[in-house]
Protein chains: 2
Amino acid sequence: MQLDRTFAALSDPTRRAILARLASGEATVTQLRALSRISQPAISRHLKVLEEAGLIEARVAGQSRPRVLKAEALTPAREWLEDVRAAFEQNYARLDALLAELQDAPPTQSGDDT
Amino acid sequence: MQLDRTFAALSDPTRRAILARLASGEATVTQLRALSRISQPAISRHLKVLEEAGLIEARVAGQSRPRVLKAEALTPAREWLEDVRAAFEQNYARLDALLAELQDAPPTQSGDDT
DNA sequence: TACTTATATAACTGATTCGCTATATAATGT
DNA sequence: ACATTATATAGCGAATCAGTTATATAAGTA
């Protein structure tokens, strides 16, 4: 699934730092290298992962290839999280309603399950 | 970082199915097993990952240990995504403003960088 | 053409992940 | 005590991951 790649891409701090940096404008590999003390090939690897997840893309500009954030690609992840939250809260609302109902009709001995 | 574990936990479809299921109420290991064709130990392993990420917790109920979703633990992930989105859109707003400005003052020959 | 800069790819290593089967533990029912 | 049910843990193999160094490719400059 695509969400697999998205969330997996987000699970690494270096990659999150790259995305956060790209949110405020494109950047080259050399510029992105400043975000972490890792080697240039390691940065290129992370960029490949992000690209495969559809989160960024490369632009050709002379000898460099600045990366651009594709922010829309984060939407499915945001929506998934939001859906779970909404479902959870709706469930809570139901529980609250149930508790309120029990308040109105306090527990009796037995046989009150009609 | 905690976000590492959260996003890594979310990167597996079985684990996302478990969370989605738990959003509408607690469930036992046996019940969760129905979500996927994998073995019971595999389910327990996924539950451990989710628990280590702080996304669920176990309750003791007789011989079973129903899991409960801790939905608040998803908040940091939601906020991270939202922050990136906001930063990206703010950046876009700046670019739009810049373009509008260029519209007002169309390009001149040279020396207009004062 | 030769040199430099920017980036990608290959090959290797160690750590982690995911599934499985087999087995252990813990509570429940007879 | 014993069998059953629910769950956890151990141990294994295959696959993937994150980092490294060395090297390839591609564009820009002297």
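Computed from a prediction, not measured in an experiment: that's the story for all the values here.
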K.L.:
D:dT7 C1' sits how many Å from B:Ile38 CD1, rounded?
P.N.:
15 Å

K.L.:
For A:Pro41 and for A:Thr14, find the nucleotide of DNA chain D with the closest heavy atom, then tell me which residue's nucleotide is more 5'.
P.N.:
A:Thr14

K.L.:
In whole angstrom, what separates A:Leu47's CG from D:dA18's P?
P.N.:
13 Å

K.L.:
To the nearest Å, give me how far apart NZ (A:Lys48) and P (D:dA18) are.
P.N.:
13 Å

K.L.:
For B:Thr75 and B:Glu79, which I'm curious about, is there any donor-acceptor pair between the side chains at under 3.5 Å?
P.N.:
no

K.L.:
Using OP1 and OP2 only, check whether a side-chain N or O of A:Thr30 sits under 4.0 Å from C:dT7.
P.N.:
yes

K.L.:
May I ask you to evaluate whether B:Ser44 reaches the phosphate of D:dA8, defined as a side-chain N or O under 4.0 Å from OP1 or OP2?
P.N.:
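Yes, such a contact exists.
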
K.L.:
Once you apply a heavy-atom cut-off of 4.0 Å, does B:Arg33 come out as touching a base, just sugar-phosphate, or nothing?
P.N.:
nothing

K.L.:
When rounded to the nearest 0.5 angstrom, what is the spacing between CD1 in B:Ile43 and CD1 in B:Ile38?
P.N.:
4.0 Å

K.L.:
Under 4.0 Å, counting only non-hydrogen atoms across every strand here, what does A:Ser39 touch: a base, just sugar-phosphate, or nothing?
P.N.:
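Touches a base.
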
K.L.:
Could you tell me the separation between the CZ atom of B:Arg45 and the P atom of C:dT23, rounded to a whole number of Å?
P.N.:
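It is 19 Å, rounded to the nearest whole Å.
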
K.L.:
Are a donor atom and an acceptor atom from the side chains of B:Thr6 and B:Gln2 found within less than 3.5 Å of each other?
P.N.:
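No - no donor-acceptor pair under 3.5 Å links their side chains.
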
K.L.:
Could you state the CG-C1' distance from A:Asp12 to D:dC17, rounded to the nearest angstrom?
P.N.:
10 Å

K.L.:
Would one find a side-chain N or O of A:His46 under 4.0 angstrom from OP1 or OP2 of D:dC17?
P.N.:
no

K.L.:
B:Arg65 CZ to C:dA27 C1': how many Å, rounded?
P.N.:
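Roughly 12 Å, once rounded to whole Å.
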
K.L.:
Just N and O in the side chain of B:Arg67: are any of them under 4.0 Å from OP1 or OP2 of D:dA8?
P.N.:
yes

K.L.:
Can you find a donor-acceptor pair, distance only, under 3.5 Å between B:Gln63 side chain and D:dT5 base?
P.N.:
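Yes.
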
K.L.:
How close or far is atom C1' of D:dT16 from atom CD of A:Glu52, stated in whole angstroms?
P.N.:
12 Å

K.L.:
Please verify the inter-ring angle class for A:Phe7 with B:Phe7; under 30° counts as parallel, over 60° as perpendicular, anything in between as tilted.
P.N.:
parallel

K.L.:
Starting at CD1 of A:Ile43 and ending at C1' of C:dT5, how long is that distance when rounded to a whole Å?
P.N.:
17 Å

K.L.:
Please tell me if A:Ser64 has a side-chain N or O lying less than 4.0 Å from either OP1 or OP2 of C:dT5.
P.N.:
no

K.L.:
When rounded to the nearest 0.5 angstrom, what distance separates CD1 in A:Ile56 from CZ in A:Arg59?
P.N.:
13.5 Å

K.L.:
Within the modelled atom types, does a donor on one side and an acceptor on the other bring the side chain of B:Gln40 and the base of D:dA6 under 3.5 Å apart?
P.N.:
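Checked by distance alone, the answer is no.
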
